[in-house]
2 protein chains.
Amino acid sequence: MARPQSRTAEARRSRHPDGRRRASHSMESVLTEAVALLDEAGAQALTFRALAQRLGGGVASIYWYVASKEELLDRATDHVIGTVLADIERLPALDDPIDDLRAMALTLFDAIVDRPWLGAYFMRETDVQGNSLRLYEKLGEPTLRLDLTARQRFHAVSAVVGVVVGSAVDLGQEPPQEVLDGAVNREDFLHRYAQAWRELDPAEFPFVHEIVDEFDGHDDVDQFRSALELTLTGLRLQAGTGTGA
Amino acid sequence: MARPQSRTAEARRSRHPDGRRRASHSMESVLTEAVALLDEAGAQALTFRALAQRLGGGVASIYWYVASKEELLDRATDHVIGTVLADIERLPALDDPIDDLRAMALTLFDAIVDRPWLGAYFMRETDVQGNSLRLYEKLGEPTLRLDLTARQRFHAVSAVVGVVVGSAVDLGQEPPQEVLDGAVNREDFLHRYAQAWRELDPAEFPFVHEIVDEFDGHDDVDQFRSALELTLTGLRLQAGTGTGA
DNA sequence: AGCTACGATAGAACAACGTTCGATACGACG
DNA sequence: CGTCGTATCGAACGTTGTTCTATCGTAGCT
């Protein structure tokens, strides 16, 4: 009934009399392999059977470490958020709080670009223990140096997180197999969409026509940076602290 | 092999010799019931078996109308986005393009508040036919009246959509059963979280302590409005068109 | 050393799901 | 009355998360 508390359990293997092995896991190895599975082939590739095979053990063994797939996902997410948090804490402190905020948000977004599946599960658990809350705290600390009310600070961080998540969800959209197979790369895929848009009636879709060239081959990071910049500008204006101009 | 093209197929019923019924669906009824299922019990409640039972027919019949669950989800989403689009088109045109943008974004967000499951699936298909692209067009049109480059317009709409989606994902988080059962309402749930936060070390979590009172019992719509306002102010500044001040 | 209690592993089975198959009913047209 | 295309349905298949029950291996005790 109890859960493994000692994380010092090393990955060791012992031999069974009849030659069959008995795998020996650890919370660390389970999480690491789960994340590897997610990284390599996306969310749908993470199944208990696939994970068990990767660990060289049985399916039911995983249930010794996690009570459900939900918990597995939560723990795996928290695991990588831990590394993001470390990246953010390594960031050099800047003079301008808003510059700090931007740097943190970009670090977070970069991590999601590397791991698109994060976009969907990120912010699922605001458990008291766990790295999400610590990340939230770190994102909020720069706002303490801005001239804002508590409510404005709360809303400001929510806004920044919202922009990150909003862009991340876009990113997390599983490409429709063709590009996963490598048969079509992302640029061609975008280009095909753009081409279809160009054939729409310009009178009925004036805006789509206006931006189709920008959409075609656009960079996700650029898109995110622009969105982030808009909220940061709004925030700077709200704080009344000019850029110096 | 063909798909139903005539949407005039009425919901009629005929009697089987042995007394068993044969249900008669239509694309409309399938989508309507699918949406009803989603509305009543969330995304996980929409299964082919549950939907078939609701339609009074067999499971396989649904496959006459949709080729997969993915397509069912896409069509259902598009179905309700159609109503959102209608709401947005009914909006009175305002003098200020940014006021238009705000009104549209709020209408969209309201729809997601009513249907939290929308947050996850919204923006899944940017198919050329379909209401998502039309919605995107409508959201973009106000930017045509702003003094911006095409790229800025593209990024502006992406930013607004990002804020909506970002807040929506927060909303779409399935409450952990307790509040679904009605045993605990949302306010108590938030309050419990807030209480846990208050017990954290203030030195380690200064920001969390600063905003915990705001978090406790906060309103999601307020949160969204604030986030939206930040990007809109940023946008207004970018367009160089002052509010009049 | 032998015994025991518990930490940890695993195969088999279960229920639910998306999906496919083959059979069959119905209405329209000849 | 037979035929064809539309539409429906029960049954089955494969995969998934999860549970049950049996077992192994080691640490700790006598």
Side-chain angles (χ1 to χ4, degrees), chain A residues 1-30 33-34 37-38 41-76, chain B residues 1-30 33-34 37-38 41-76:
Chain A
M1 201 56 86
R3 290 293 173 62
Q5 57 271 45
S6 103
R7 304 203 168 197
T8 60
E10 302 309 319
R12 66 223 118 101
R13 300 192 174 277
S14 50
R15 213 161 248 293
H16 208 250
D18 59 2
R20 280 206 312 248
R21 290 162 172 238
R22 278 178 77 83
S24 184
H25 315 318
S26 71
M27 181 65 84
E28 260 291 313
S29 66
V30 169
E33 294 304 316
L37 226 37
L38 287 168
Q44 64 176 357
L46 177 60
T47 68
F48 276 81
R49 282 166 179 86
L51 181 56
Q53 191 170 6
R54 228 186 146 97
L55 289 163
V59 199
S61 303
I62 306 173
Y63 280 89
W64 179 255
Y65 298 94
V66 293
S68 65
K69 183 162 190 184
E70 194 181 321
E71 188 182 323
L72 175 63
L73 243 3
D74 283 347
R75 285 193 126 99
Chain B
M1 204 51 91
R3 291 291 174 62
Q5 57 272 46
S6 103
R7 303 203 170 198
T8 61
E10 303 308 320
R12 67 225 118 100
R13 299 190 176 277
S14 50
R15 214 162 246 294
H16 207 249
D18 59 1
R20 282 205 312 248
R21 290 161 173 241
R22 278 178 77 83
S24 184
H25 314 319
S26 72
M27 181 66 83
E28 260 291 313
S29 66
V30 169
E33 293 305 314
L37 225 37
L38 287 167
Q44 64 176 0
L46 177 60
T47 69
F48 276 81
R49 283 167 179 87
L51 181 55
Q53 192 169 5
R54 228 186 145 98
L55 289 164
V59 201
S61 304
I62 305 173
Y63 281 89
W64 179 255
Y65 297 94
V66 294
S68 66
K69 182 164 190 183
E70 195 180 321
E71 188 183 324
L72 175 63
L73 244 4
D74 282 347
R75 285 192 125 98

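None of these values were measured; they are calculated from a predicted model. Residue numbering restarts at 1 for every chain, and letters A, B, ... go by the order of the sequence lines. Excluded from the calculations below are hydrogen atoms, water molecules and symmetry mates; all remaining heavy atoms, backbone and side chain alike, are included.
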Quiz item: Going from CD on B/Q44 to CG on B/L37, what distance comes out if it is rounded to the nearest 0.5 angstrom?
Solution: 11.0 Å
Protein-nucleotides 19-23 of chain C N/O pairs closer than 3.5 Å?
{"from": "C/dT19", "atom 1": "OP2", "to": "B/Y63", "atom 2": "OH", "distance (Å)": "3.1"}
{"from": "C/dT19", "atom 1": "OP2", "to": "B/K69", "atom 2": "N", "distance (Å)": "2.7"}
{"from": "C/dT19", "atom 1": "O5'", "to": "B/Y63", "atom 2": "OH", "distance (Å)": "3.3"}

Quiz item: Would you say A/H25 and A/E33 make side-chain contact, with heavy atoms under 4.5 Å?
Solution: no
Practice problem: Decide side-chain contact (heavy atoms from CB on, under 4.5 Å) for B/L73 and B/L46; before the verdict, give the C-alpha distance in whole Å, the side-chain angles of both, and the deciding distance to 0.1 Å. | Solution: CA-CA 9 Å; B/L73 244 4; B/L46 177 60; 3.8 Å; yes
Quiz item: For the pair made of CD in B/Q53 and P in C/dA16, what is the distance, rounded to whole Å?
Solution: 13 Å
Practice problem: Grab the OH-P distance between A/Y65 and D/dT18 for me, whole Å please. | Solution: 18 Å
Quiz item: Reckon A/I62 touches a base, only the sugar-phosphate, or nothing at all at heavy-atom distances under 4.0 Å?
Solution: nothing
Exercise. Please work out if B/L72 contacts a base, only the sugar-phosphate, or nothing of the nucleic acid, heavy-atom cut-off 4.0 Å.
Key: nothing
Exercise. Using a cut-off of strictly less than 4.0 Å, decide whether B/H25 has a side-chain nitrogen or oxygen near OP1 or OP2 of D/dC9.
Key: yes
Practice problem: Please assess A/L72 against A/V30 for the test side-chain contact (heavy atoms from CB on, under 4.5 Å), listing each intermediate value before the final yes or no. | Solution: CA-CA 9 Å; A/L72 175 63; A/V30 169; 4.2 Å; yes
Quiz item: Taking OP1 and OP2 of D/dA7, is either one under 4.0 Å from a side-chain nitrogen or oxygen of B/S61?
Solution: no
Exercise. Nearest whole angstrom, please: distance from the P of D/dT18 to the CG of A/L51.
Key: 13 Å
Quiz item: Which pair of non-hydrogen atoms, one from B/A23 and one from B/G56, has the smallest distance, and what is that distance?
Solution: CB-O, 3.2 Å
Quiz item: Can you find a side chain N or O atom of A/S24 that sits less than 4.0 Å from OP1 or OP2 on C/dT9?
Solution: yes
Quiz item: How many Å lie between CZ on B/R22 and C1' on C/dC26, as a whole number?
Solution: 7 Å
Quiz item: Counting just side-chain N and O atoms, does A/W64 come under 4.0 Å of either OP1 or OP2 of C/dT9?
Solution: no
Quiz item: Any sub-3.5 Å donor-acceptor pair from A/Q53's side-chain atoms to A/R49's backbone N or O?
Solution: no
